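Remember, predicted model here, so these are calculated numbers, not experimental data. In this chain, numbering begins with 1 at the start of the sequence shown. Below, each value reflects all heavy atoms present in this structure, side chains not excepted, and no hydrogens, waters or symmetry copies.
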Amino acid sequence: MKVSTFPRNLMVDNYPKVCDRVSLHYSVLSEITEKFQTMACLQTLQSTMKCYNMAFKTEILLDIYSSLLSDQSMILAMNSSFVDPSSQFDSQLRIIKVSFKTVFSMPNLSIMKAMRDSSEDIEDLENLYENIFNIYEDTLLILVSKDFYKIQILKEMITWMTQNNLYLQERAMMAINRVLIFASKRAKKYRSVNAPCLGLLAAEISLLCFHNDPLIMQQALAAMNYVFYIAMCQNPNSVKYRAMKMVNEETSNSKMVMSDFELLIKFTQEDRNKIAQNVGQILLPNLLTDFVWILLKKLSSSDNQTAVEAASLLKLTLQYHAQKINSMSKIVDDIYEKLCVNSSHRMKDAMLQVITLLTRASPKKVIFQLLEFPVPADKILLLMWKAASVESSVAPQVLKTILSILKGKPGEIEDALVEKRRFSLNATNMMPVAASQALCTFLPVDSYRKVVAKLFPEFLMALLLQFFYCSHHLKDTAHDRPLYVRDALKALLNCSGLQEVNKALEKKNFWDQFSQVMDHQYGINLIAKTLSECNFPQFPETLHYVYKVAVEGPRRSEDSIVTIIFFAELLNNFFKKSLPEEFLVLFRNWINDSNPSVGKMSLQKIASMAPVFSEIESVCKLLVPVLDAFLSKEHTVIIRAMLTLRNILTKLERATYSTVCVRVASSYCPLMDHANGGIQCMAIRHFGELLLDMSQYKQMLNHIVLGSLVPLILFLESKEARIVNACRYTLTICVTQLQWPTAYLLKEENYNFESVVLNICNNLLSSYENYITNLISDTLGFLGSSRAFLKKGAIVLVGYLGKSGAHLLLREEIDIMIEVIDRVARDEDPVIKVLAEKTRNLFKQIAYQMASSTIKQAFRKWMKMVHPKKLNFIYNLATESILEESKDSSTEDSEEKNPGEIMENLNEEDSDMFLKINEMPLVSS
């Protein structure tokens, strides 16, 4: 009885044809079983053992055949179900894997044939073998016919077959080829094909193209071409390959089918270059990335030949198409992890060469990835940096990428980058620190020196910025981090032909101080000064770059501080006599910066360069922003502005000085009662020094001097000795300039507050009485002070000023003054309370003397010519006890006195004047 052979159509065109053959398999199975049962009964006794073994193996084959039919039925059922596609595929893959191991681990056909005597048995055995393979292939076709996505099973089959050399690898490759033929035939009918696993499959097959077994190699080459064709159907850019004609659908001859790919076979057969070229040209970027990823994984294969072939093909592919790889970070990470696990990996050189090739294709991505690893860099990372530096063609891009990272702020928290930095322990950005360390690897490379020369100013400023951060912001972090900046600076100087500067800094013990906490301003100044002393040839381009950065405006205030320090030091060393006015604008902008530190630093540098700035014709334009800094809320900025202003003023010519002295003097006045004692004291002294400087122009400043008298007088009673001394110093200059005989009263041995006030008020009456009302207004402002000495002094001063200017005041003004004094009279301090009551009575007396008519008021002002020009003591603070007077007046009520009582308190001259005014007839309007 002859077993019928399953009719094989290699090019199954549709899914129903495959399914119709399933029932045929079952009939064949029954026929085979019946035949072998009959045959077993006819064996002779002499061949019992042989037949037993043969029957046992035959039974195994029948079991395999039966199980394959069962598996196929299950897969057909799953295809018709509504199970989730991913879960469905996983289940089908498990079934196929079991079937694969069963089918391709069968005994070799030649061994089985040797056990058979008759040709008919051998033919039946061949048919059984063929049908087992056919049913397995049909099962694969069933899967692929439903979805191109399931071509991934072929990739898994190659993985399984390479895991065990005992599998029937050639026969497995034939099965894979037949499925690919079927898939390529179907792909022709679709405008687009969804086969995302083609990159993985191509990688697995490409390694088999160089197999030791020529039959497997031939099958792999054919399979590779079918993969290429399917990939071309996915890639719309592969137009020239799409034009190839496929074999007639009715043909079932595999040789004819393969001849249609003759062009591709010529390109790929035993030629790694052509395979690498075609892979990059045909596969889409995501598929090419998968291709490269699999080859990278194969570098760790236990099979040395596979690893070597993978390395060779990987190198060629990246040489041609590395720019199309879209997951470089993943590749870099994988290489780092593998080398960390095994630093002496036998394929270490191949992995490092991958880094080199990726750097050539996309230097920015690779460098960013390499600098995201933790700092400090370990030995593996140093090797990867060195591998990246091998590619000289991308030196500009590599250095510019490192430069952009160096401009960042280490330790800065960047929430947006937390997920991207898988190697970071936290969200802080330490890439600039890593960039400093990386420069020590890249800068000494010969091919990088020309690029370094062009980027010298940018690298110098970036490293100075990192030095600022290390010494200013990273004081509590690792002590070795500043050393990376130090080594990078050394490398930059040595690679830029500035070895002399390096040695000079070494003699100044500059490099050794990096291990300690160094003041950033001192360090930057020292570098700039040493560069200047050595007349470094890069000065023009460095100055131009720094100026450009300053004009465009840096990203952070720290950038401005570093720029100011370095820029000012360069200017100070190279411009000894004069300075281009273009630079003046920069300092003006820096003074007005929103960051107080920037303003303070610029003011400090202006002060140190005062001799140079004073020679500029438009120096007065610089004084305006300096004076504006007096209004800063930051006390240190105000102090620095005053010091800077004095440094410039002392260097100015007197003619230029005189054009700004009024503006400067008036700017000091608001600071004379500043809440900060240091600012107040400095403002008072600087005002006095300005008066001395401008003594020949005193007429210009007299109105400013008169306007500043109130704070100068009141703070003579301050509790701080420095403020008292400053007031005595400046007030002496003021009264001397006004030619008042008051200076002797300001000496400590002669000093008495009321005497000083009386003397000044008498001199005001005689020469500048028009200023009295303004001084009264200024004094009233101090009555609300919380400091007792100010309140007390203001009461006394306003009393004398009111007495001396009574003929200048209107009734409404007096009423306001009385209202203010009333509030002070309720003070808890008994001394202030007594002085306030006495002053209030004084103003009430003045108010009572005033006439109600407009004509009488006008007459009173006319009568000022006969008003007494000299005052007497009102309060007698030095001779009377205020508290005793307070006790005597405690019984009096707060009601106003009648005119008779007031008259008793008036002196004779006041009474006569009062009578004359009131005897005038009323004239109606």
Side-chain angles (χ1 to χ4, degrees), residues 359 363-377 381-382 385 388-389 394-414 417 421 424 428-445 448-449 451-474 477-478 480-496 498 514 518 520 523-524 527-528 531 538 541-542 545-546 548-550 552-563 565-567:
T359 304
K364 184 176 181 180
K365 289 183 180 179
V366 175
I367 295 302
F368 260 101
Q369 186 65 20
L370 289 176
L371 296 182
E372 281 192 351
F373 287 87
V375 291
L381 192 53
L382 290 174
W385 284 351
S389 68
V394 294
Q397 296 94 312
V398 169
L399 290 180
K400 287 180 180 178
T401 301
I402 296 177
L403 183 60
S404 66
I405 296 173
L406 272 177
K407 294 178 181 179
K409 182 177 180 180
E412 190 174 39
I413 296 178
E414 301 182 20
L417 298 179
R421 296 205 175 97
S424 299
T428 57
N429 174 24
M430 284 299 161
M431 287 180 69
V433 180
S436 301
Q437 190 179 6
L439 277 182
C440 302
T441 299
F442 287 94
L443 291 182
V445 178
Y448 278 63
R449 289 181 181 271
V451 184
V452 174
K454 294 180 181 180
L455 298 175
F456 173 80
E458 297 181 54
F459 271 113
L460 179 62
M461 293 304 297
L463 288 173
L464 290 180
L465 181 63
Q466 291 306 312
F467 167 62
F468 171 85
Y469 286 132
C470 289
S471 59
H472 192 68
H473 293 294
L474 298 179
T477 58
D480 53 351
R481 285 176 181 166
L483 300 182
Y484 306 145
V485 181
R486 179 198 66 183
D487 295 341
L489 275 170
K490 280 186 175 183
L492 178 64
L493 295 175
N494 291 329
C495 295
S496 305
L498 299 176
F514 258 86
M518 183 189 295
H520 64 275
I524 296 172
I527 292 175
L531 286 168
Q538 295 91 342
E541 53 263 36
T542 302
Y545 172 74
V546 177
K548 178 184 176 183
V549 170
E552 293 176 351
R555 297 174 300 167
R556 300 182 182 88
S557 58
E558 291 89 344
D559 298 34
S560 293
I561 294 175
V562 172
T563 303
I565 298 173
F566 186 75
F567 187 58

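For the atom pair L399 CG and I367 CD1, the distance stands at 9.0 Å (nearest 0.5 Å). Rounding to the nearest 0.5 Å gives a distance of 7.0 Å between CG of L498 and CG of L531.
Contact detail for R556 and K407: the closest heavy-atom pair is NH1-O, 3.1 Å. The nearest pair of heavy atoms linking Q397 to P363 is CB-CG, 3.5 Å. Residue S496 comes nearest to V452 through the heavy atom pair OG-CG1, 3.8 Å, listed as atom of the first residue, atom of the second, then distance. When every heavy atom of A488 is checked against every heavy atom of S436, the shortest pair comes out as CB-O, 3.4 Å. Across every non-hydrogen atom of V546 and T563, the tightest pair is CG1-CG2, 3.6 Å. Closest non-hydrogen pair, D487 versus C440, comes out as CB-SG, 3.4 Å.
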Let me check something: any side-chain donor-acceptor pairs from residues 457-468 under 3.5 Å, sequence neighbours excluded? List them with distances.
| residue | atom | partner | partner atom | Å |
| --- | --- | --- | --- | --- |
| Q466 | NE2 | L406 | O | 2.4 |
| Q466 | NE2 | G408 | O | 2.8 |

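In this structure V445 satisfies the side-chain contact (heavy atoms from CB on, under 4.5 Å) test together with S389, S447, Y448, sequence neighbours excluded. Partners of A438 according to the side-chain contact (heavy atoms from CB on, under 4.5 Å) rule, which considers only residues two or more places apart in sequence or in another chain, are L371, W385, F442. Scored by the side-chain contact (heavy atoms from CB on, under 4.5 Å) test, A491 finds L443 as partners (sequence neighbours excluded). Listed by chain and residue number, F368, T401 satisfy the side-chain contact (heavy atoms from CB on, under 4.5 Å) test with K364 (two or more places apart in sequence, or in another chain).
V549 places none of its side-chain heavy atoms less than 4.5 Å from the side chain of F567. The shortest side-chain heavy-atom distance between V451 and V398 does not fall under the 4.5 Å cut-off. With a 4.5 Å cut-off on side-chain heavy atoms, L439 and L492 do not count as touching.
Between the side chain of Q538 and the backbone N or O of F456, no donor-acceptor pair lies under 3.5 Å.
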Carefully, step by step, assess T542 and F566 under the rule side chain to side chain contact (heavy atoms under 4.5 Å, CB included). CA-CA 10 Å; T542 302; F566 186 75; 3.9 Å; yes
